[in-house]
Amino acid sequence: MRIEVRNLCKAFSGVAVVRDVSFAVAEGQLVALLGPSGGGKSTILRIVSGLEDPDSGEVWLGGSRVDRVPARERGVGFVFQHYALFPHMTVRENIGFGLRVRKHDPAAVAARAEEMIRLVGLHGLGERYPHELSGGQRQRVALARALCPAPKVLLLDEPFGAVDAKIRGELRAWLRKLHDEVGVTSVFVTHDQEEALEIADRVVIVHDGRVEQDGSPEEIWRAPANAFVAEFVGAGNRFAGQVRQGKIDLGFLSVPAPEGVAEGENLVLLCRPTEVFVDAGPALPDAPRIARIAFLGTTMKVEVEIPGRDAVVAEIPPSALRDKNLAVGMPVRLCLSAYQAFGRDSLATQPATSVTPVGTWFMDGGGI
């Protein structure tokens, strides 16, 4: 079933939390609402489900307007972050609860609950109570309960937020596989950009109650609509520079300028740590130097201090660190393998959303 949200607005105690939000979800898609905490994502989801009423705007499900239709009549399944399971009910009873309150035949409820138990991989656990399950198992019960009445739409609010990192990773892959098997149109809320990019068909970036960008995971990653999106999906290094003779002069480094930018134009470059290469450099008085090296498991985090500028963070393979004999205090030179360039009227500090994109550049080859 297609979901369409049109010009939604919502305020609490006079404070706007959803501001003219519009987006659509095609039938069978899995879409992520991604953004920082407090940005309005969960409120949007609750409005779609019927748990909150909008101040203005419309919600359409399958061609019918439903924003004034009671939640129980919308055919929506909802999965909460903290499970919301009934502690006094078994797994089987929790899963079948939605059908029992609708007065379905007990035999049909039992059969459907057993089907859901098998679907979510909890065979043999039907008689256990929530406190006898792991966090990942409880979240599977919550999802099975939401799917049991065969909803037309599935909404998930931070579905993996209450489990540890290892289980969260396992649940991501499991949810994507389950979605492909069931095919129900789904929207999930998350503030984890890796989670959204990994499992969603489309990502809607929400910030301060507004939609900043709506696109595929690759579009969000490679072509962010503004500086907020770029920084939120990992571009942690920010440089100010000026266009000079076809290059952007950053002071310590010059990089190719995007096509169409004027000579002398001030730009802001955003670059991910994985897009910064570090190599040994000449021992000049004002040379960038390594200030700190940290082990992150599969990569090494290298912080480079540049006189008169903010530190630059790079993430490089441990093998590269060894091959180049990089160490704290060593002078280095830097290279950017990719970056997004954003135009602005001046180098004064401005809100990130006022910075507009002018181009993205990727280096041919990899490294120095």
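What you are looking at is a predicted structure, and each value in this text was computed from that prediction instead of being measured. We're numbering straight along the sequence, starting at 1.
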When you measure from the side chain of Glu73 to the backbone of Pro70, do you find a donor-acceptor pair of N or O atoms at a distance under 3.5 Å? no
Quiz item: Side-chain contact, heavy-atom cut-off 4.5 Å: Val187 with Leu156?
Solution: no
Scanning both residues in full, the closest heavy-atom pair of Ala235 with Leu270 reads CB-CB, 3.8 Å
salt_bridge(Asp67, Arg65) N-O dist < 4.0 Å | yes
- prompt: Does Asp157 reach the main-chain N or O of Phe80 with its side chain, forming a donor-acceptor pair under 3.5 Å?
  reply: no
Scanning both residues in full, the closest heavy-atom pair of Ser49 with Ala71 reads O-CB, 3.4 Å
- Task: Determine, step by step, whether Glu181 and Leu119 satisfy the side chain to side chain contact (heavy atoms under 4.5 Å, CB included) criterion, reporting the C-alpha distance in whole Å, the side-chain angles of both residues, the deciding distance to 0.1 Å, and the verdict.
- Result: CA-CA 9 Å; Glu181 291 177 1; Leu119 180 67; 3.8 Å; yes
- Task: Please lay out, stage by stage, how Val204 and Val31 fare under the test side chain to side chain contact (heavy atoms under 4.5 Å, CB included).
- Result: CA-CA 7 Å; Val204 179; Val31 170; 4.0 Å; yes
*asked:* Is there a side-chain contact between Val211 and Ile205 in this structure, where contact means two heavy atoms from C-beta onward sitting under 4.5 Å apart?
replied: no
(request) Return the orientation label for the Phe86 and Phe97 ring planes: parallel under 30°, perpendicular over 60°, tilted otherwise. (result) tilted
- [ ] Taking the six-membered ring for Trp and the full ring for Phe, Tyr or His, determine whether the centres of Tyr339 and Phe239 are under 6.0 Å apart.
- [x] no
- Query: Does any N or O in the side chain of Arg309 come within less than 3.5 Å of the main-chain N or O of Leu250, such that one atom is a donor and the other an acceptor?
  - Reply: yes
In this structure, CE of Met1 is separated from NZ of Lys152 (nearest 0.5 Å) by 4.0 Å
Taking 4.0 angstrom as the limit, do Asp214 and Arg202 come out as a salt bridge? yes
Notebook entry, point to check: Between Arg19 and Asp208, does at least one N-O distance fall below 4.0 Å, as a salt bridge requires?
Noted result: yes
> Where do His191 and Glu158 land on the side chain to side chain donor-acceptor pair (under 3.5 Å) test, with the steps shown first?
Replying inline: CA-CA 8 Å; His191 61 267; Glu158 298 275 9; 3.0 Å; yes
message = One thing to verify: whether Glu27 and Arg2 come together as a salt bridge, which I'm taking to mean a side-chain N less than 4.0 angstrom from a carboxylate O.
response = no
Close side-chain approach of Ile306 to Leu334, heavy-atom, < 4.5 Å | yes
_Counting neighbours of CD on Glu218 that are heavy atoms of other residues, nucleotides or ligands and sit closer than 6.0 Å, is the number greater than 12?_
no
For Ala196 and Leu34, the nearest pair of non-hydrogen atoms, with its separation, is CB-CD2, 4.0 Å
Nearest heavy-atom contact between His88 and Tyr129 is O-CE2, 3.3 Å
ILVMFWY cluster, Val48 and Leu30 together (side-chain gap under 4.5 Å)
no
Output for pair (Asn226 CG, His207 NE2), nearest 0.5 Å, gives 8.5 Å
Got a salt bridge between Glu170 and Arg172, using NZ or NE/NH1/NH2 to carboxylate O under 4.0 Å?
no
Are Val21 and Phe188 connected into the same hydrophobic cluster when the rule is that any two of I, L, V, M, F, W, Y join if their side-chain heavy atoms are below 4.5 Å apart? no
Query - Audit row: Trp60, Glu58, side chain to side chain donor-acceptor pair (under 3.5 Å) steps and yes/no - result: CA-CA 7 Å; Trp60 292 71; Glu58 302 174 359; 2.8 Å; yes
Query raised in the report: Does a donor on one side chain sit under 3.5 Å from an acceptor on the other, for Glu195 and Thr190?
Result: yes
*asked:* Could you check whether any side-chain heavy atom of Leu8 comes within less than 4.5 Å of a side-chain heavy atom of Val5, counting everything from C-beta outward?
replied: yes
Next on the checklist: Would you say that Pro151 contacts Val76 through its side chain, given a criterion of any heavy-atom pair below 4.5 Å between the two side chains?
Outcome noted: no
Ignoring hydrogens and angles, tell me if any N or O in the side chain of Glu93 forms a donor-acceptor pair with the backbone of Thr90 under 3.5 Å.
yes
* **Heavy atoms from other residues, nucleotides or ligands near CG of Asp310 exceed 12 (cutoff 6.0 Å)** => no
Report task. Salt-bridge test for Arg92 and Glu114: reply yes if a basic N is under 4.0 Å from a carboxylate O, no otherwise. Result -> yes
Rounded to the nearest 0.5 Å, the CZ atom of Phe277 sits from the CZ atom of Arg333 at a distance of 12.0 Å
Taken to the nearest 0.5 Å, the spacing of Leu269 CG from Glu275 CD works out to 11.0 Å
Determine yes or no for a side-chain-to-main-chain donor-acceptor pair under 3.5 angstrom, with Glu115 supplying the side chain and Ala110 the backbone. no
**Asked** Within the side chain of Asn266, is there an N or O that forms a donor-acceptor pair under 3.5 Å with the backbone of Ala240?
**Response** no
Checklist entry - Are Val153 and Leu143 linked, directly or through other ILVMFWY residues, by side chains that come within less than 4.5 angstrom of each other? => result no
Open item on the list: With a 3.5 Å distance limit and no angle check, can you tell me whether Asn237 reaches the backbone of Val312 through a side-chain donor-acceptor pair?
Closed with: no
query: Could Arg176 and Asp201 be called an ion pair, given the rule that one side-chain N must be under 4.0 Å from one carboxylate O?
result: yes
Rounded to the nearest 0.5 angstrom, the OG-CD1 distance for Ser186 and Ile199 is 9.5 Å
Any sub-3.5 Å donor-acceptor pair from Arg210's side-chain atoms to Val206's backbone N or O?
no
Handout entry: Donor-acceptor contact below 3.5 Å, side chain Lys41 vs main chain Gly35
Key = yes
Which is it for Leu296 and Glu315 under the side chain to side chain contact (heavy atoms under 4.5 Å, CB included) test, yes or no, and what are the steps along the way? CA-CA 9 Å; Leu296 300 182; Glu315 288 185 21; 4.0 Å; yes
#### Entry: Same apolar cluster (I L V M F W Y, side chains within < 4.5 Å links), Trp174/Ile117
yes
Q. Are any of the side-chain heavy atoms of Thr299 and Thr274 separated by less than 4.5 Å?
A. no
### Task
Look only at the side chain of Gln242 and the backbone of Asp249, and say whether a donor-acceptor pair between them is shorter than 3.5 Å.
no
*Taking the side chain as every heavy atom from C-beta outward, state whether Leu336 and Val276 have any atom pair closer than 4.5 Å.*
yes
Examine Leu122 and Val182 and state if one hydrophobic cluster contains both, with Ile, Leu, Val, Met, Phe, Trp and Tyr joined whenever side-chain heavy atoms are less than 4.5 Å apart. yes
Review point. Would Glu52 and Phe12 count as a side chain to side chain contact (heavy atoms under 4.5 Å, CB included) if you check the C-alpha gap in whole Å, the side-chain angles of each, and the deciding distance to 0.1 Å?
Key: CA-CA 11 Å; Glu52 294 282 356; Phe12 294 108; 4.0 Å; yes
Worksheet item: Are any of the side-chain nitrogens in Arg289 or Glu305 under 4.0 Å away from the carboxylate oxygens of its partner?
Response: no
Taken to the nearest 0.5 Å, the spacing of Met116 CE from Ile95 CD1 works out to 8.5 Å
(request) Give a yes or no on whether Glu263 atom CD has more than 12 heavy-atom contacts from other residues, nucleotides or ligands under 6.0 Å away. (result) yes
For Ala341 and Pro258 the tightest heavy-atom approach is CB-CG, 3.7 Å
Residues Asp20 and Cys9: closest non-hydrogen pair is N-SG, 3.3 Å
Could you check whether any side-chain heavy atom of Ser56 comes within less than 4.5 Å of a side-chain heavy atom of Asn7, counting everything from C-beta outward? no
From the list Gln139, Arg140, Arg128, side-chain contact (heavy atoms from CB on, under 4.5 Å) with Leu133 holds only for Arg128
